[in-house]
Amino acid sequence: MGKISEFLNSKIIQKDVGEETYLTWKETISYALGRGAQGMSTSMTSSKYINYFLTNVLFRKIPGEQALSIASNIRFFCGIFDAINDPIMGILVDRTRTKDGQMRPYIKWAPWFVALVMVLFFIGSANAPLAVNVIYTTVLFIGLDVTYTAFDIPMGALAFSITPSGIERTKLFGVSSILRSVVGALPQVFVAAAAWLPYFNNHTPQAYLTSATVSAAGIIFLTRLTFRNTRERAEHREDIPSIQECFSLLFKNRPLLMLFLGNIFFVICKIAEQVSFYFVADLMFNRKYNVVIDVVKFPGFLLAGILVPMLIEKAGRKADSRKFYQLCCVSAIAIHVLFAVVTYHGLMLKGAGESVSLLTGIFVVLFTGLTTIPLEFKNLIQKEMEAETVDYIEWKTGRRVEGIMLSIMSFTGKIENTFSSSIGLAILGLTGYINHPEGSVIQNDATNWALFLMTTVVPAIGYLLMLVSIRFYNITGEDHHQMMKDIMAARAARKAEKEAAAQPLPEQG
């Protein structure tokens, strides 16, 4: 136990990197486990599985086109509400002042409500009247959105204030990425593996509910560790910013707006993830590949979590987030194009109703794993870029408002899920997709083509557009290093001024 305690209390950055470091492994892992709890929530409520649950479980007793239309509309309108909800939460965080800090009080209480609403959502039954199911699902979707946002924005903002060191933050994001991918994948893997289990193979609704219930308990437990073992270290002025000031600062932040635009284009890339379950069940014609495809995504998370912090730490002052982001996009384009070329024959020219050949299945699994590598590298470096934009606005104005800045990125994340999900479902509906609760059904050529293109070629187009927007991100590695020197100097000056003002005046003789 002594060695474990010694390790947990040791710094995550051991060598001299030219700036002060703060984080221990205990604090880093505790934060990362909170991110894992977030992953458990999003894997149950924002992933491809919830689309399949809606169309092929909850609304399975109505025609496929109608089920897809209802599911698409619910996801779209609830997603719009969820996105609008993000800036509201961001402002609340920036205006919060408590003895526990600005973010940690929300991390303490919001997960309880997340867990409750998530379990209630998957209690829904296909045997209820259609109108009841639509109302029940919509209300619970809104509940999921509100409760998760009250947890998500503070968790993200905490990472920006937990340390001022960009190198240290990148390592924090790396560890968080690995733990989030492992812990967050558990609900997805269970639902996907249901096709292999004797009872759950024929009881899909029970598989979802079981996974949601276990996830709810995990979310509550893991976030308690985050609350207890983390600190907020950023300096926030005592005067509370007005709502108008919070919004005005957004429009002074050019690099943040470029990231925002890149995320809007990323909607196109996300369509592939939203139709993945349909791709496996209806184009590959073998649902058992789902669990393999989910597992093979893990190396991308692992490599990103390990290699990105190592590369950034090694580069030091020369590290340039923008160039790293651009390289990730170029790599992703190349892999998606190869995915289409290599798997076209095996997927599109096989006999109707036949499962893909083993060779084609291997290629699909291989390319699915490869596409996650540049994606996760991009996602991880973007976290540090988001933190840079918070530093940028403090450098320009003297104000630090993590909540509203993060909320604009969370806003686009919700837009990604909402629009990519709605677009994917709408396209399947337009092509005449046939819904089915279990097994596989022979789909028409238009549906098969849609699934093929949305999985392979369409993401490459999205990454190409992202390259255009990020060209105008105006923070280089050297720029950020100088910004932080100026910020720390300004903080020290304000502290000295405050201490001087607090000193009693000398008595007059």
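Since this is a predicted model, take the numbers as computed values, not measurements.
We find that Arg169 and Asp391 are joined by a salt bridge, their nearest charged nitrogen and carboxylate oxygen being less than 4.0 Å apart. Of the charged side-chain nitrogens involved, at least one lies within less than 4.0 Å of a carboxylate oxygen, so that Glu394 and Arg491 count as a salt-bridged pair.
When all heavy atoms of Pro164 and Met484 are compared, the closest pair comes out as O-CE, 3.4 Å. The nearest pair of heavy atoms linking Leu179 to Ala32 is CD1-CB, 3.4 Å. Heavy-atom minimum distance, Ser407 versus Ile153: CA-CD1, 3.7 Å. The two residues Val183 and Gly36 have their closest heavy-atom pair at CG1-O, 3.7 Å. Contact record, Ala304 with Pro309: O-CD, 3.4 Å, taken as the closest heavy-atom pair. Nearest heavy atom pair, residue Gln102 against residue Thr96, reads CG-O, 3.0 Å.
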Begin from the C-alpha positions of Gln443 and Leu451 and carry the test side chain to side chain contact (heavy atoms under 4.5 Å, CB included) through to its verdict. CA-CA 10 Å; Gln443 305 288 347; Leu451 288 170; 5.6 Å; no
Show your reasoning for whether side chain to side chain contact (heavy atoms under 4.5 Å, CB included) applies to Leu467 and Ile333. CA-CA 10 Å; Leu467 277 174; Ile333 292 169; 4.0 Å; yes
Does the side chain to side chain contact (heavy atoms under 4.5 Å, CB included) test come out yes or no for Val364 and Val356, once each step is laid out? CA-CA 10 Å; Val364 169; Val356 293; over 6 Å; no
Hey, mind stepping through Ile470 and Met385 against side chain to side chain contact (heavy atoms under 4.5 Å, CB included) and telling me if it holds? CA-CA 11 Å; Ile470 211 63; Met385 294 169 78; 3.8 Å; yes
I'd like to know whether Ser321 forms a side-chain hydrogen bond (donor to acceptor under 3.5 Å, both in side chains) with Tyr473, so could you lay out the CA-CA distance, the side-chain angles of the two residues, the decisive distance to 0.1 Å, and finally the verdict. CA-CA 10 Å; Ser321 301; Tyr473 180 89; 5.8 Å; no
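In this structure, the side chain of Arg233 engages the main chain of Ile162 through a donor-acceptor pair within 3.5 Å. Here the side chain of Thr42 pairs a donor or acceptor atom with the backbone of Gly39 at under 3.5 angstrom. Of the possible donor and acceptor atoms, one in the side chain of Asp94 sits under 3.5 Å from a partner among the backbone N and O of Ile404. Between the Thr226 side chain and the Gly34 main chain, a donor and an acceptor come within less than 3.5 Å of each other. In this structure, the side chain of Glu27 engages the main chain of Arg231 through a donor-acceptor pair within 3.5 Å. Side-chain atoms of Glu376 do not come within 3.5 Å of backbone N or O of Leu303 as any donor-acceptor pair. With hydrogens and angles disregarded, a donor-acceptor distance shorter than 3.5 Å links the side chain of Asn253 to the backbone of Thr389. Without hydrogens or angle criteria, Ser181 side chain to Ile178 main chain gives a donor-acceptor distance under 3.5 Å. Using modelled atom types, one side-chain atom of Glu168 and one backbone atom of Tyr22 make a donor-acceptor pair closer than 3.5 Å. For the pair Asn229 (side chain) and Tyr31 (backbone), a donor-acceptor distance under 3.5 Å is absent.
Taking the six-membered ring where tryptophan is involved, the planes of Phe363 and Phe367 are tilted, since the angle between them lies from 30° to 60°. Taking the six-membered ring where the residue is Trp, Trp449 and Phe452 present perpendicular rings, their angle passing 60° and hence far from 30°.
Residues Val365 and Thr368 fail the side-chain proximity criterion, which asks for heavy atoms closer than 4.5 Å. With a 4.5 Å cut-off on side-chain heavy atoms, Pro459 and Thr371 do not count as touching. Two residues are said to be in side-chain contact when any heavy atoms from C-beta on lie closer than 4.5 Å; Thr163 and Thr21 fail this criterion. Between Leu257 and Phe472, the closest side-chain pair of non-hydrogen atoms is not below 4.5 Å. Thr455 places a side-chain heavy atom less than 4.5 Å from the side chain of Phe339. No side-chain heavy atom of Val117 sits less than 4.5 Å from a side-chain heavy atom of Tyr148. Annotation: side chain of Val308 is not in contact with side chain of Phe173 (no heavy-atom distance under 4.5 Å). Two residues are said to be in side-chain contact when any heavy atoms from C-beta on lie closer than 4.5 Å; Ile293 and Met284 meet this criterion.
Annotation: ring-ring contact (aromatic ring centres under 6.0 Å, His included) contacts of Tyr433 (sequence neighbours excluded): Tyr278. Annotation: side-chain hydrogen bond (donor to acceptor under 3.5 Å, both in side chains) contacts of Thr431 (sequence neighbours excluded): Thr447.
Between the CD1 atom in Ile381 and the CD atom in Glu388 there is a gap of 7.5 Å [rounded to 0.5 Å]. Atom CZ of Arg471 is separated from atom CD of Gln326 by 7.5 Å, given to the nearest 0.5 angstrom. In this structure, CG in Leu259 is found 9.5 Å from CE in Met466, a value given to the nearest 0.5 Å. Distance check, rounded to the nearest 0.5 Å: CG of Leu54 to CG of Leu425 gives 8.5 Å. Atom CG in Asn73 sits 11.0 Å away from atom CG in Leu68 (nearest 0.5 Å). With values rounded to the nearest 0.5 angstrom, Leu172 atom CG is found 11.0 Å from Ser177 atom OG.
Taking a 6.0 Å sphere around NZ of Lys26, one finds it holds 12 or fewer heavy atoms contributed by other residues, nucleotides or ligands. By the 6.0 Å contact criterion, CZ on Phe298 is enclosed, its count of non-hydrogen atoms from other residues, nucleotides or ligands being greater than 12. For Met348, the CE atom is densely surrounded, since the number of other residues' heavy atoms within 6.0 Å is greater than 12.
Applying side chain to side chain contact (heavy atoms under 4.5 Å, CB included) to Phe221 and the options Thr223, Leu225, Ile219 leaves one that passes, Leu225.
A cation-pi contact, defined as under 6.0 Å to the ring centre and within 45° of the axis, links Lys378 to Phe266.
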